There are 2 protein chains.
Amino acid sequence: MTESRFSTTREPGKPRTSRATRGGRASRAREGDKRERILRAATRVFARKGFYATKVSEVAKAAGVADGTIYLYFKNKDDLLVSLFEDRIMLLLAALERALAERPTPEERLRCVIEMQLGLLEGERDLAEVITVNLRQSTRLMKQYAAPKFMLYLDAIARVVAEGQKAGAFRTDVSPHLMARTIFGALDGIIMTWALGKAEPGGLSRASTQVADVLLAGLLAKKER
Amino acid sequence: MTESRFSTTREPGKPRTSRATRGGRASRAREGDKRERILRAATRVFARKGFYATKVSEVAKAAGVADGTIYLYFKNKDDLLVSLFEDRIMLLLAALERALAERPTPEERLRCVIEMQLGLLEGERDLAEVITVNLRQSTRLMKQYAAPKFMLYLDAIARVVAEGQKAGAFRTDVSPHLMARTIFGALDGIIMTWALGKAEPGGLSRASTQVADVLLAGLLAKKER
DNA sequence: GTTCCGTGACTGAATCACGATTCAGTACGA
DNA sequence: TCGTACTGAATCGTGATTCAGTCACGGAAC
């Protein structure tokens, strides 16, 4: 299992024949996408117990499916975690791109990045916990599978910084990629302590403003000196 | 094993009778502190394979001791990880306090924090990886055991910020604790991507300056407007 | 100086529980 | 009846932990 190179979520078992588009007719009193149900349940359970301490059977129970069903949608337990991360970060990325589309100035754009990352998780404490804490389970997972998608996200942030520099709004003596990591890390750290601690409601959005203020002040082109 | 409340490293097996002070006479061609040897080996192996993917027997082999010996010094595998983290962060904290003692101005002090955290790990890639990646293994570990020591460290940073505010050097419209998390997170994020990626030598110290510049600029009291 | 114990660190093969994964079978819609 | 989604009990490998011994040393007795 060291070199398992699970590529996709599991191609064969993608059970969706007729109700492919969505709830074809809701076969029972039941749900929509089963894959999504499993991901949601996994988020909840992983957050509460940690990835390695969680039994696949627990995720199954939480999702209301049989143990075996998990394996129809995911190659194995690792794949479940990685899929979770990839799915969510791609959602975040898409939402970010959409939001950025209507923010013209560099300053607004950077604030947007910060608000999005903190905002998305404000109502999703479990997801926050999984992403900031559990994802880092193993270096191997991180390096091999999650990293590419993660880099995409970092690149998006770096681009905002670089544009701001080109526009003359941000100081040019710092590396956009380094700043991207700095910004991401700062937000991640805040989310982590928030998720591990009290997680007071509204805490993240309040934090958002302060952090944005400081980072922006630090990045804005020096006027003097 | 869910509620194991391992307090100390293991009191009984603290093998050090005569050569208590240090290398009494080097019983063979061998080492110094065996506990330290194990911690060092664990750092190396955990970094390479991840905590959960690492077998206790692998740590033992890397340390050049028998499997059972690990259990003379650590209560169990979890305890090994937590001890590692606590040991190291306390070292970092001590080093930080020492270094801060000779930095009078708030600006210098904040730079000191940043340089220490990045600098300590510059030569210790494995340790960096364990702390930033592996430590977050499980929420449970983090919450129950590592958090207290971690908070001590965050508090130290927050104190530097608060002092700076009191001295009138830093803006006062942000929470010192939030800034501490921001700073820690930013550094942690940088270290993580550094450890997961190329880890070019000298990369961290170069990053150090840029990050410090930006964060400081963001924190310094606004002169105008 | 030599031999003989006693002590405690250290060893590592065997145990044994655990839990990921499988797959023979069920149920249901077409 | 066929095909497919789904089920969940049984399998089977794994690896943390244990513990019966071994080893080396220091001290005591000769």
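Treat the numbers as computed from the prediction; the structure is a model and nothing was measured. First the proteins, then the strands, lettered A, B, ... as listed; each starts at 1.
- Side-chain atoms of A:Glu86 never come within 3.5 Å of backbone atoms of A:Lys149 as a donor-acceptor pair (strictly under, hydrogens ignored).
- An OP1 or OP2 oxygen of D:dG15 is reached within less than 4.0 angstrom by no side-chain nitrogen or oxygen of B:Tyr52.
- What separates CZ of A:Phe74 from P of C:dT21 is a distance of 13 Å, to the nearest Å.
- The nearest whole Å value for the distance from the CG atom in B:Leu72 to the P atom in D:dT17 is 14 Å.
- Not counting sequence neighbours, B:Arg44 has no partner by the side-chain hydrogen bond (donor to acceptor under 3.5 Å, both in side chains) test.
- With distances taken from any side-chain atom of A:Ala66 to the nucleotides C:dG12, D:dG8, C:dC10, the minimum falls on D:dG8.
- For B:Glu58, the side-chain hydrogen bond (donor to acceptor under 3.5 Å, both in side chains) partners two or more places apart in sequence, or in a different chain, are B:Lys49.
- For A:Tyr73, the side-chain atoms get nearest to D:dA5 when compared with the rest of C:dA13, D:dA5, C:dC10.
- Salt bridge annotation for B:Arg159-B:Glu163: absent, with no cationic side-chain nitrogen under 4.0 angstrom from a carboxylate oxygen.
- A sub-4.0 Å separation between OP1 or OP2 of C:dC10 and a side-chain N or O of B:Lys34 is present.
- Picking from C:dA20, D:dT7, D:dA16 the nucleotide with the shortest atom distance to the side chain of A:Val65 gives D:dT7.
- Taking atom CZ of A:Phe51 as the reference point, atom P of C:dG19 lies 14 Å away to the nearest angstrom.
- Taking every side-chain heavy atom of B:Tyr71 into account, D:dT17 is the closest of C:dA20, D:dT17, D:dT7.
- When the side-chain nitrogen and oxygen atoms of A:Thr69 are compared with OP1 and OP2 of D:dT7, one or more of them lie within a distance under 4.0 Å.
- Rounding to whole angstrom units, CD1 of residue B:Ile38 and C1' of C:dC10 are separated by 10 Å.
- Atom CZ in A:Arg37 sits roughly 9 Å away from atom P in D:dC6 (whole-Å rounding).
- Atom NZ in B:Lys61 sits about 11 Å away from atom P in C:dA13, given to the nearest Å.
- Ring pair B:Tyr153/B:Phe184 is perpendicular by interplanar angle, where above 60° counts as perpendicular and below 30° as parallel.
- Nearest nucleotide to the side chain of B:Asp67, out of C:dA13, C:dG19, D:dA16: C:dA13.
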